[in-house]
Trainee: 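Pasting a structure below so you can have a look.
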Amino acid sequence: MPELPEVSYFKKYLDATALHQKIRKVSAPEELILGTKEVAFQQLQGDQLKESRRLGKYLFVATENRNTLIFHFGMTGNFEYRQGEEPPKYTYFTLHFENDFQLFFTCPRKLARVYLVEDAEVFRKEHELGQDALEASEEEFLELADGRRGSMKGFLMNQKIISGIGNLYSDEILFQSRIHPATAVNDLNQKELKAIFRNIEKVLLRVTKSKMDSSSLPQSYITPYRKAGAACPRGNGKIEKAKIAGRTSYFCVNCQPAK
DNA sequence: CGTAATGTTTGAAT
DNA sequence: TATTCAAACATTAC
């Protein structure tokens with residue numbers, strides 16, 4: 001379930017488990033998952049994961065030998081750290097550690113990727129990753145929005161502009177901002193753009209909190225009601241669905257009128 | 001059985 | 001040249 005908040009959770013999970021464990025062996029039985037050639041991953045033998053950082057929906061893990069292991073979770077990627085011979089179903093990449101534990105990287109839909117690179121900055125440039133959604137300033141955000149003609153939802157989901165926001169939380173940010181997802185960026189005034197900017201941080205941090213402590217989202221959130229015909233959490237009618245910016249979007253036309 | 005699913009990349013259209 | 005859009009990718013679940 002990986003947008004920025006989920007990847008923050010995976011970072012916490014990896015930090016609490018696989019970090020600083022000596023790697024005994026690497027298994028990569030599914031070539032499709034590998035963003036870099038399989039042979040490169042064998043370099044990890046004897047190495048250790050040193051520290052991790054999240055950028056957008058990517059998790060960068062620096063190793064003691066100065067390489068960087070990069071995880072991207074696609075739509076269904078997940079970690080599982082435990083002992084035992086039998087890997088979980090859909091395991092396509094495994095780090096085996098000297099302590100007999102393993103970090104399994106699973107992904108039923110095989111859209112996840114794992115990379116091993118020498119220079120994380122080169123990777124970032126190659127993949128054209130924009131500023132992290134939690135690090136952009138209001139000024140930068142307004143600058144990035146200037147002159148854009150596409151939908152606001154498409155703008156929020158474009159990883160080259162701002163990275164970390166996907167289908168679910170772009171809908172939530174726009175619901176909280178009372179902006180229809182199909183509204184063109186250049187049809188929004190500064191006040192509306194600033195409200196969206198504030199809600200990016202607000203929503204992402206709130207969702208991250210709920211991922212970290214398994215708490216539920218506020219009553220006023222639309223995320224739990226992503227179903228056409230569901231009642232708007234503000235009591236303003238029914239949730240509608242439409243394909244916007246290539247993805248299924250849920251919104252309330254009464255709260256979020258089209259411009 | 002058909003359709004949609006939390007994402008990114010590619011190539012075409014604007 | 002830059003931006004936007006739709007389709008493709010692989011597989012599962014409803």
Side-chain angles (χ1 to χ4, degrees), chain A residues 1-11 13 28-36 54-60 70-79 88-93 105-115 117 123-130 132-133 143-175 181-188 200 203-204 206-208 210-212 217 221-230 239-251:
Chain A
M1 331 180 258
E3 295 183 38
L4 184 153
E6 289 81 11
V7 180
S8 288
Y9 174 79
F10 291 137
K11 169 179 161 52
Y13 185 85
E30 172 56 69
E31 202 168 349
L32 196 62
I33 296 298
L34 306 178
T36 41
R54 184 193 54 69
L55 172 60
K57 302 173 191 174
Y58 289 80
L59 184 59
F60 289 65
I70 303 172
F71 293 98
H72 186 276
F73 298 84
M75 293 220 251
T76 54
N78 205 357
F79 279 151
K89 209 173 177 186
Y90 313 121
T91 296
Y92 299 120
F93 183 83
F105 186 47
T106 61
C107 186
R109 282 179 61 190
K110 296 186 176 179
L111 292 174
R113 293 291 179 271
V114 54
Y115 308 82
V117 302
F123 179 90
R124 180 183 180 155
K125 281 182 183 140
E126 280 174 357
H127 289 256
E128 300 179 82
L129 292 178
D132 185 83
E143 181 79 15
L144 288 165
D146 189 45
R148 296 278 169 178
R149 310 182 316 271
S151 67
M152 193 63 215
K153 182 180 170 74
F155 176 83
L156 290 174
M157 290 195 303
N158 187 336
Q159 305 301 300
K160 295 175 187 176
I161 303 173
I162 296 276
S163 61
I165 303 168
N167 194 23
L168 260 54
Y169 305 133
S170 60
D171 276 358
E172 189 64 75
I173 289 161
L174 292 169
F175 180 74
T183 312
V185 178
N186 55 6
D187 281 342
L188 292 166
I200 289 173
V203 167
L204 293 178
R206 185 61 190 79
V207 176
T208 300
S210 86
K211 296 290 167 189
M212 296 296 186
L217 291 172
Y221 273 39
I222 195 177
T223 301
Y225 305 96
R226 292 179 64 80
K227 233 187 275 181
I239 302 299
E240 288 187 26
K241 105 178 178 178
K243 195 164 183 173
I244 297 165
R247 309 300 301 278
T248 306
S249 312
Y250 293 86
F251 51 93

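Just so it is clear: chains get the letters A, B, ... in the order the sequence lines come, proteins before strands, and each one is counted from 1. All values derive from a computational prediction rather than experimental measurement.
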Trainee: Quick one: Asn78(A) CG to dT11(C) P, roughly how many Å, whole number?
Mentor: 18 Å
Trainee: Mind checking Phe73(A) for me? I need base, sugar-phosphate or nothing, with any heavy atom below 4.0 Å counting as a touch.
Mentor: nothing
Trainee: Where the side chain of Arg149(A) is concerned, which of dG7(B), dT4(C), dT8(B) is the nearest nucleotide?
Mentor: dT4(C)
Trainee: Starting from C1' on dA8(C), measure out to CG on Leu32(A) and report it in whole angstrom.
Mentor: 13 Å
Trainee: Could you check which of dT3(C), dT8(B), dA5(B) has an atom nearest any side-chain atom of Arg148(A)?
Mentor: dT3(C)
Trainee: P atom, dA4(B) versus dA6(C): distance in rounded Å?
Mentor: 15 Å
Trainee: Given atom OH of Tyr92(A) and atom P of dA10(C), what is their separation to the nearest angstrom?
Mentor: 12 Å
Trainee: Please report the distance separating the P of dA7(C) from the corresponding atom of dT3(B), rounded so that it comes out in whole Å.
Mentor: 14 Å
Trainee: Check the distance between dT6(B)'s C1' and His72(A)'s NE2 and give it to me in whole angstrom.
Mentor: 10 Å
Trainee: Answer yes or no: does a side-chain N or O of His127(A) lie under 4.0 Å from OP1 or OP2 of dT8(B)?
Mentor: no
Trainee: Is the phosphate of dG7(B) approached by Arg247(A) (side-chain N or O, under 4.0 Å from OP1 or OP2)?
Mentor: yes
Trainee: How would you label the contact of Tyr250(A) with the nucleic acid (heavy atoms, under 4.0 Å): base, sugar-phosphate, or nothing?
Mentor: sugar-phosphate
Trainee: Nearest 0.5 Å, what's the CG-CD1 distance between Leu174(A) and Ile200(A)?
Mentor: 9.0 Å
Trainee: First locate atom CD of Glu30(A), then atom CZ of Phe105(A), and finally report the distance between them rounded to the nearest 0.5 Å.
Mentor: 12.0 Å
Trainee: In terms of the angle between their ring planes, are His72(A) and Tyr58(A) parallel, tilted or perpendicular, with boundaries placed at 30° and 60°?
Mentor: tilted
Trainee: Please work out if Gly166(A) contacts a base, only the sugar-phosphate, or nothing of the nucleic acid, heavy-atom cut-off 4.0 Å.
Mentor: sugar-phosphate
Trainee: For the pair made of CZ in Arg113(A) and P in dC9(C), what is the distance, rounded to whole Å?
Mentor: 13 Å
Trainee: Return the nearest nucleotide to the side chain of Thr248(A); candidates are dG7(B), dA10(C), dA4(B).
Mentor: dA4(B)
Trainee: Looking only at side-chain N and O atoms, does Tyr90(A) come under 4.0 Å of OP1 or OP2 in dT12(C)?
Mentor: yes
Trainee: Just how far, in rounded Å, is P of dT6(B) from OH of Tyr169(A)?
Mentor: 11 Å
Trainee: Would one find a side-chain N or O of Thr76(A) under 4.0 angstrom from OP1 or OP2 of dT12(C)?
Mentor: no
Trainee: Between Ser8(A) and Arg54(A), is any side-chain donor less than 3.5 angstrom from a side-chain acceptor?
Mentor: yes
Trainee: For dT6(B), give the paired nucleotide (Watson-Crick: N1-N3 plus N6-O4 or O6-N4; G-U: N1-O2 and O6-N3; both under 3.5 Å), or none.
Mentor: none
Trainee: Which base sits across from dA10(C) as a Watson-Crick or G-U pair, both distances under 3.5 Å?
Mentor: none
Trainee: Less than 4.5 Å apart, side chain to side chain, heavy atoms only: is that true for Leu34(A) and Tyr92(A)?
Mentor: no
Trainee: With a 4.0 Å cutoff (strictly under), does any side-chain N or O of Lys57(A) reach OP1 or OP2 of dT6(B)?
Mentor: no
Trainee: Quickly work out the Arg109(A) CZ to dA10(C) P distance and round it to whole Å.
Mentor: 12 Å
Trainee: Rounded to the Å, how far apart are Lys160(A) NZ and dT4(C) C1'?
Mentor: 11 Å
Trainee: Want to settle it: does Lys243(A) or Gly150(A) sit nearer the 5' end of DNA chain C, counting the closest nucleotide to each?
Mentor: Gly150(A)
Trainee: Indicate yes or no: at least one non-hydrogen side-chain atom of Leu55(A) is less than 4.5 angstrom from one of Phe123(A).
Mentor: no
Trainee: Applying a 4.0 Å non-hydrogen cut-off, can you work out what Leu111(A) is touching in the nucleic acid: base, sugar-phosphate, or nothing?
Mentor: base
